[in-house]
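In what follows, a structure is listed as structure tokens, so that the remarks can point back to it.
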Amino acid sequence: MKIAKTVKILQNHLNLEREAGNRIGFVPTMGALHEGHMSLVRESRRTCDVTVVSIFVNPAQFNEKKDFDNYPITIDEDLKQLEEAGVDYVFIPAPEEVYPEGLEIPPTELTELKDHLEGEMRPGHFEGVAKVIYRFFDTIGPDKAFFGQKDFQQTVVVKKVAQQLGNKTEIVVCPIERENNGLAMSSRNVRLSDDDRQKAGFLYRALVKLKEDCVYKPLTEALTHTRKFLESKPDVEIEYLEAVDGNTMEIVNDLSNDFVVCVTVVRFGGIRMLDNIILKDK
Ligand code: AMP
């Protein structure tokens, strides 16, 4: 496994890979790796010849400085896991390498996406995500890039960036990896106490119940029921719980669209728990 800290060195390696006819898979991460990240790595290894993983805590996508400063960093363990998984290249750039002075990154047209739901709760977040992904896709030129369904709105944003760059990179969305109790794996889960981490499975159970309810109840009624259930739990605060069109993130009130996802964030145990469930996918 080779570690590249500059764009130039990574590009030199990847140019040779391309000349050898190898297809490049790319998994962008912010480190503090867990099974969720590793499932993306496995999918890249399964479907591409060469896998590049980036570890970069992107300052541009943090709207709270405290969250950025406290973001967990576990680089030694990360490298060990990536090596064991058979990753070919790890890209660990410094911020100046990603955003050199004077470099203009063309903004992605995100329209309502950037101020809606997760975008409304985290102003500037998706502009920061689009910026780093543009820079990575532009310099790495991957054939495929792998993202988790966990950050559902992010996958919609990333598809826009790929489109902006001429759809040269196929976006592959991989299923959510969960802990035994259903809690979606996240680097921020380490901030939960052991007790809260055990209890936190309630959110996934509520989402599964919602999906079951949708079979015999109108969507709006099922959503109201889920909101009431979550609000009745001690120390739980809903930031949002909405059903959206999975291609546009527009809020929907029934299941008539082809692709409908329930996206949610609840605050519990001092963290924002982000989760979602696909209610319908044709
Ligand atoms: P992050 O390091 O949080 O930026 O995440 C890097 C990638 O891993 C993103 O595409 C995430 O959606 C994905 N990811 C994070 N958690 C999970 C999970 N529990 N299951 C699957 N993918 C995940």
Side-chain angles (χ1 to χ4, degrees), residues 25-47 51-64 67-68 70-75 77-79 81-82 85 87 90-93 95 98 117-119 122 125-137 140 142 144-162 169-192 197 200-201 203-204 207 246 249 261 263-265 271-278:
F26 175 46
V27 182
T29 82
M30 299 203 296
L33 303 181
H34 50 65
E35 266 307 297
H37 299 107
M38 299 316 290
S39 70
L40 308 184
V41 168
R42 282 194 292 273
E43 191 56 15
S44 173
R45 295 249 307 131
R46 197 179 69 79
T47 56
T51 292
V52 181
V53 176
S54 64
I55 299 180
F56 178 61
V57 184
N58 175 31
Q61 73 188 64
F62 283 80
N63 54 316
E64 282 179 24
D67 190 24
F68 176 71
N70 292 336
Y71 201 80
I73 293 178
T74 58
I75 193 80
E77 290 103 280
D78 292 352
L79 291 175
Q81 286 192 69
L82 295 175
V87 165
V90 187
F91 182 40
I92 314 181
V98 180
L117 300 166
E118 198 56 11
R122 304 182 65 187
H125 171 66
F126 287 123
E127 286 97 322
V129 168
K131 197 170 164 184
V132 77
I133 294 299
Y134 185 100
R135 174 81 171 128
F136 283 166
F137 282 8
I140 295 170
K144 292 182 183 222
F146 299 82
F147 292 86
Q149 181 201 316
K150 156 98 186 339
D151 297 274
F152 189 81
Q153 195 167 351
Q154 171 169 280
T155 65
V156 180
V157 167
V158 164
K159 284 177 186 167
K160 291 235 172 203
V161 179
T169 301
E170 180 192 340
I171 305 302
V172 182
V173 179
C174 302
I176 304 175
E177 291 289 319
R178 298 180 179 279
E179 298 189 7
N180 287 339
N181 64 352
L183 171 65
M185 288 183 181
S186 162
S187 305
R188 292 179 177 91
N189 289 351
V190 294
R191 294 184 195 154
L192 285 169
R197 197 158 172 160
L203 182 57
Y204 181 56
L207 291 176
M249 296 302 293
V261 184
V263 290
T264 186
V265 167
I271 66 165
R272 297 177 76 240
M273 295 204 304
L274 178 76
D275 209 336
N276 64 75
I277 194 163
I278 296 175

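Every number for a ligand or one of its atoms is a count from 1 in the order of the listing.
- With contacts defined as side-chain heavy-atom distances shorter than 4.5 Å, the pair I92/I75 qualifies.
- Contact annotation: the side chain of Q153 approaches that of L117 to within less than 4.5 Å [non-hydrogen atoms, C-beta and beyond].
- Side chain of D275 to backbone of Y204: no donor-acceptor contact under 3.5 angstrom is found.
- Taking a heavy-atom cut-off of under 4.0 Å, ligand 1 is surrounded by P28, T29, M30, H34, G36, H37, L40, Y71, F147, G148, K150, D151, Q154, P175, I176, E177, M185.
- Counting only heavy atoms from C-beta outward, the side chains of R188 and Y71 approach each other to under 4.5 Å.
- No donor-acceptor distance shorter than 3.5 angstrom exists from the side chain of T264 to the backbone of N276, with no hydrogens or angles considered.
- Listed by chain and number, the residues in a side chain to side chain contact (heavy atoms under 4.5 Å, CB included) with E35 are M38, R42, M185 (sequence neighbours excluded).
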